[in-house]
Amino acid sequence: MEPLYKPDGVEQRWQQTWENEGLYAAGAGRRRDESYVIAIPPPNVTGSLHMGHALNGSIQDVLVRWHRMMGYDTLWQPGFDHAGIATQNVVEKQLVAEGTSRQQIGRDAFVERTWEWLGQTGRTIMDQYRRLGASVDYSRERFTMDDPYIDAVMTFFTRLWDRGWIYRANRIVNWCPFHRTAVSDLEVVHEDMDDTLTFARYPFTDGSGSITIATVRQATILADVAVAVHPDDERYRHAIGKEVVVPVVGRTVPVIADPRVEPAFGSGALKITPGHDPLDFEIGRDHDLPQLAVIGLDGRMCDAAGPEFAGLDQREADDRVVAWLKEHDQLEKREHYRHAVGTCERCHSRIEPLVSLQWWCAMEELARPAIEALQERRVRFHPESQHRFAIKSLEEAPDWCISRQLWWGHQLPIWYCPDGHVTVQWPAPDACAECGSGALERDPDVLDTWFSSALWPFATLGWPAETAEVARYYPGDVNSTAREIIRLWENRMIFSGLFLLGEIPFSDVIIHSTVLAPDGRRMSKSLGTGIDPMEPIDDHGADATRYGLLKISSTQDVRFSYGAIEEGRKLANKLWNVARLIVTAAGPEASAAVRPRDLEERWILARLDAAREEVEGCWHRFEFSAATGVLYHLTFDDFCDWYAEAIKARLYDGDADAAATALAALERLLAVLHPVLPHVTEEIWLNLPAQRPRLIVSPWPEPDSSFAADLHALDRVQEAAQTFRRSSVQVELGSDDERRIFAAVVRPDRAKANGDAEAERARLLKEIARGEDMLANARFVDNAPPQVVEAEREKLARYQRELEALPL
RNA sequence: GGGCGGUUAGCUCAGUUGGUAGAGCGCCUGCUUUACACGCAGGAUGUCGGGGGUUCAAGUCCCUCACCGCCCACCA
């Protein structure tokens, strides 16, 4: 064993060994009946792992390794999401770069090309998980487009259909003109943009002047069917019921009253364009107004806009409309206006609200049991604030637009016959369910990618087939993910699990922190602030990276910190070296045995057990950062600086009992550290004398109360040592044991140099004065809890003794 | 506009039920004859964002203001 622990090579070796020996597989190390199941949030096949994946992987791996050591039948399910629009976006852009397009090569060729491309990316991602030391069952890799998974998706759809919860409706949707598909509200991101607000006058038909409206989308004037004002708006009361002439097109439309108009905005009068605005769509529907469309699916002006405009880019059309207004003296003014505009999450094209025929899933019946389950705490979100958010999101969830006009994804199990009958069936029907026609055509649309993600925890187990795995591993235990995905994924897994299997897929949802760049900005490729998690892993090791990420994790957003990772590296190195001390001194013939003879040996055994319990508490509460603190303190302060220093001399003397006990203590330390630092602990384990199973599947230390009484045995020695080192004041110790340990750990030659009796005297006098003040305060003594007063008295007495012991 | 969170040492952050502020890094001082200098021992540094309130006692509970961040959102 070298003095410097070098993770590179060691970690890769263990990662291969564990996987090859089947120790990552479901059920490895199983010694009890209960299962422990986590389904990894399947990364999109499009990319590589980012820092959030590394943190999330570390969190899940700690829980999984811990449960594996406790003997649970543990399954950590890996795989990928086909990520419909995200994947199509990447491949489509590749085609554009090659000077072609998906339309040119056609659907079949496009899908084939996508399959080819993701054969490479998937491999990369799984290798990155391996490099992190993630103990997922790599033999069970699943993909949301595997054939059995497709069965699950289609079954989900047909069951919803059978309940009558899926319907087709013409509604206004968010339309991405680049991808030429509808996207859900959740896939639209709002970005601040500079715009121009145009104020245009619409003349009344009776010649009594005009009414002014304000708009940022001048081209949509062509599709106006009304002007609306607020019913209580005194300025426009006279106008209600009159008619105005729409500029350019000359259409006569009514002025209506609707409370949804905001009088304070713009001119207070709103032009109504039901075909191209969600609010106008609703107002139009409630007032029985027609829907006109002037913008086509490609985002350009369509034929309905008239021959002058057809085919124009919207911006050009805007300019022409403005020119017309100016020419006819109907342009009142134009103002700079900065506002949030909806854009496509994937390609950032401006979203066009369009009326289109889409498939919807009614949410009310699906959400209700999920809301109840959350309210009854049958599933819990951590932290608690996210639990409330999850409930609120379900309560407010609008019907889910599940159809997408994409090519990459699960095609809807809907067929049409020439007579227009609709057959919904899976497996695919041979003939129309209504008329028996064999000439069926499948609906070209695919499902929203989250429709299939929602089934991840059980579709990966073979559902809808009644597999032994579903029976054994469903429901699972924990799901850990990022905050922004609660509505997209967590809630949908909850309601689909309840609907299809009658149970929620997990009992706890961990919402982990977002890892920001060191400067506090978001980590993103476009900003250049991203840090590849493989970088710290290569530089400092997977153990150090795992430790560092867990240390900085909390409930809020956290900044990435190399310092935290270096701390992890130091911990691994420290551990390596104390193991070197013990193993070398014990010799190859030694064996571990708990044979404590002296106080410090009983004390470290008690400390190890107490720390084990503290760490378990942290993990039960999902407080990963707190756990790293416990482990660091245990290793550096308790195990190395006190225990190892105290027994060092006896180890050199060849004391077999001390060596056996030290080996036993080291084994317990390694076990407690293993879930966070799996590689270095396994490597040390290998170097211990005697044959034993791999640490990864070795039992987690059992509670051991034998030495609990000695937990505080060293408190007095530690305090005496600190006093001595600081001031050269020798504090009287109570027993030979205490004096012996003091002598072994404290080296007088090093302490004296720092002694400054005068400074110490001043410090003690200050403390004593403060303590006397407090005890002289009647209100404090009368009202503080007795133990607080007593503690203050003891502190005061101790300071007095130390003061008296100071050399003059 | 709505919701949530943050503001504690030079930096990154902990602070459980109110009991008189901590860690790591950095900095200063002193230590290497057989675990580790990726180490050991010691030290300095805080009006706990501002203001008000409750309490014997507030970083912790309440109100308020300021700034920062995230999520959500149909003021065209």
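The figures that follow rest on heavy atoms only: side chains count, while hydrogens, waters and symmetry mates do not. Letters A, B, ... are given to chains in the order of the sequence lines, protein chains preceding strands, and every chain is numbered from 1.
- Of the possible donor and acceptor atoms, none in the side chain of A:Thr273 sits under 3.5 Å from a partner among the backbone N and O of A:Gly275.
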Could you walk me through whether A:Ile511 and A:Thr481 pass the side-chain contact (heavy atoms from CB on, under 4.5 Å) test, one step at a time?
CA-CA 5 Å; A:Ile511 303 299; A:Thr481 192; 4.0 Å; yes

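- Taking 4.0 angstrom as the limit, A:Lys570 places a side-chain polar atom (N or O) nearer than this to OP1 or OP2 of B:C25.
- Side-chain atoms of A:Gln722 lie closest to B:G42 of the nucleotides B:C38, B:G42, B:C4.
- Spacing of C1' atoms, B:A9 relative to B:U47, comes out at 14 Å, to the nearest Å.
- Although no hydrogens or angles enter the test, the distance criterion places a donor-acceptor pair under 3.5 Å between the side chain of A:Asp543 and the main chain of A:Val680.
- Distance noted for atom C1' between B:C4 and B:G42: 44 Å (whole Å).
- Spacing between B:G69 and B:C74 at atom C1', rounded to whole Å, works out to 25 Å.
- Listed by chain and residue number, A:Trp66 satisfy the ring pair (Phe, Tyr, Trp, His ring centres under 6.0 Å) test with A:His620 (two or more places apart in sequence, or in another chain).
- A:Trp576 pairs by the ring pair (Phe, Tyr, Trp, His ring centres under 6.0 Å) definition with A:Tyr5, not counting sequence neighbours.
- In terms of phosphate contacts, A:His339 brings a side-chain nitrogen or oxygen within less than 4.0 Å of OP1 or OP2 of B:A76.
- For the C1' atom pair drawn from B:C38 and B:U32, the interatomic distance equals 15 Å after rounding to whole Å.
- Remark: the separation of the C1' atoms in B:G6 and B:U45 is 24 Å, to the nearest Å.
- One can place CD of A:Glu719 at 17 Å from C1' of B:A41, the figure rounded to the nearest angstrom.
- A straight line from NE2 of A:His620 to C1' of B:U16 spans 17 Å, rounded to a whole angstrom.
- In this view, A:Ser385 satisfies the side chain to side chain donor-acceptor pair (under 3.5 Å) rule with no residue, not counting sequence neighbours.
- Base pairing in RNA chain B yields stems of at least 3 consecutive Watson-Crick or G-U pairs, both distances under 3.5 Å, namely B:1-7 with B:66-72, B:10-13 with B:22-25, B:27-31 with B:39-43, B:49-53 with B:61-65.
- In the set B:C36, B:C38, B:A41, B:C38 carries the atom at the smallest distance from any side-chain atom of A:Arg569.
- If you take CG of A:Asn577 and C1' of B:A37, they are 11 Å apart, rounded to a whole angstrom.
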Protein and nucleotides 7-13 of chain B: nitrogen or oxygen contacts under 3.5 angstrom:
{"unit_1": "B:U12", "atom_1": "OP1", "unit_2": "A:Arg559", "atom_2": "NH1", "d": "3.0"}
{"unit_1": "B:C13", "atom_1": "OP1", "unit_2": "A:Arg559", "atom_2": "N", "d": "3.3"}

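- Closest to the side chain of A:His190, from the set B:G5, B:A73, B:C75, is B:A73.
- Within residues 269-286 of chain A, the residues that place at least one heavy atom under 4.0 Å from RNA chain B are, in residue-number order, A:Leu270, A:Leu279.
- Remark: A:Asp399 engages A:Tyr167 in a side chain to side chain donor-acceptor pair (under 3.5 Å) (not counting sequence neighbours).
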Could you list all N or O pairs between the protein and nucleotides 18-20 of chain B that sit under 3.5 Å apart?
none

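- Across the interface with RNA chain B, nearest-nucleotide mapping of A:Tyr632 and A:Arg388 shows A:Arg388 to be the residue nearer the 5′ end.
- Atom-to-atom, CD of A:Glu623 to P of B:A23 comes out at 20 Å; the value is rounded to the nearest Å.
- The side chain to side chain donor-acceptor pair (under 3.5 Å) check on A:Gln314 picks up A:Glu352, with sequence neighbours excluded.
- Rounded to whole angstrom, the span from the CZ atom of A:Phe636 across to the C1' atom of B:A23 amounts to 13 Å.
- No contact: A:Phe199 has no heavy atom under 4.0 Å from any strand.
- At the heavy-atom level, A:Glu645 lies under 4.0 Å from base atoms of the strands shown.
- RNA chain B is contacted by both A:Asp641 and A:Pro263; A:Asp641 maps to the nucleotide lying nearer its 5′ end (nearest heavy atom per residue).
- Separating the C1' atom of B:U8 from that of B:G15 is a span of 9 Å, rounded to the nearest Å.
- Spacing of C1' atoms, B:C11 relative to B:U64, comes out at 31 Å, to the nearest Å.
- The side chain to side chain donor-acceptor pair (under 3.5 Å) search around A:Glu335 returns A:Lys333, not counting sequence neighbours.
- Backbone-only engagement by A:Arg487 is indicated by non-hydrogen atom pairs under 4.0 Å involving sugar-phosphate atoms exclusively.
- Applying the salt bridge (Lys or Arg N to Asp or Glu O under 4.0 Å) test to every pair with at least one member in residues 272-284 of chain A, sequence neighbours left out, gives these pairs: A:Arg260-A:Glu282.
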Can I get a per-line list of side-chain donor-acceptor pairs under 3.5 Å for residues 563-570 of chain A, giving both atom names and the distance, sequence neighbours left out?
{"unit_1": "A:Glu567", "atom_1": "OE1", "unit_2": "A:Lys551", "atom_2": "NZ", "d": "3.3"}
{"unit_1": "A:Glu567", "atom_1": "OE2", "unit_2": "A:Tyr547", "atom_2": "OH", "d": "2.8"}
{"unit_1": "A:Arg569", "atom_1": "NH1", "unit_2": "A:His540", "atom_2": "ND1", "d": "3.3"}

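- Distance CZ (A:Phe389) to C1' (B:G2): 12 Å, rounded to an integer number of Å.
- Between A:Phe381 atom CZ and B:C71 atom C1' the separation is 15 Å, expressed in whole Å.
- Using a 3.5 Å distance cut-off with no hydrogens or angles, the side chains of A:Tyr202 and A:Asp224 do pair a donor with an acceptor.
- Among the protein residues, A:Leu4 comes within range of the nucleic acid bases, having at least one heavy atom under 4.0 Å from a base atom.
- In this structure, CD of A:Glu567 is placed 14 Å from P of B:A14, rounded to the nearest angstrom.
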If you apply the rule ring pair (Phe, Tyr, Trp, His ring centres under 6.0 Å), what do you find for A:Phe742 with A:Phe724, and how did you get there?
CA-CA 10 Å; A:Phe742 184 91; A:Phe724 177 75; 5.7 Å; yes

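- Of the P atoms belonging to B:A66 and B:G26, the separation is 40 Å, rounded to the nearest Å.
- Ranking B:A76, B:C70, B:C40 by closeness to the A:Val216 side chain, first place goes to B:A76.
- Minimum heavy-atom separation, A:Leu325 to A:Pro247: CD2-CB, 3.7 Å.
- Here the closest heavy-atom approach between residue A:Val355 and residue A:Gln291 is recorded as CG1-OE1, 3.5 Å.
- Taking the six-membered ring for Trp and thresholds of 30 and 60 degrees, A:Tyr632 and A:Phe636 have nearly parallel ring planes, at less than 30 degrees apart.
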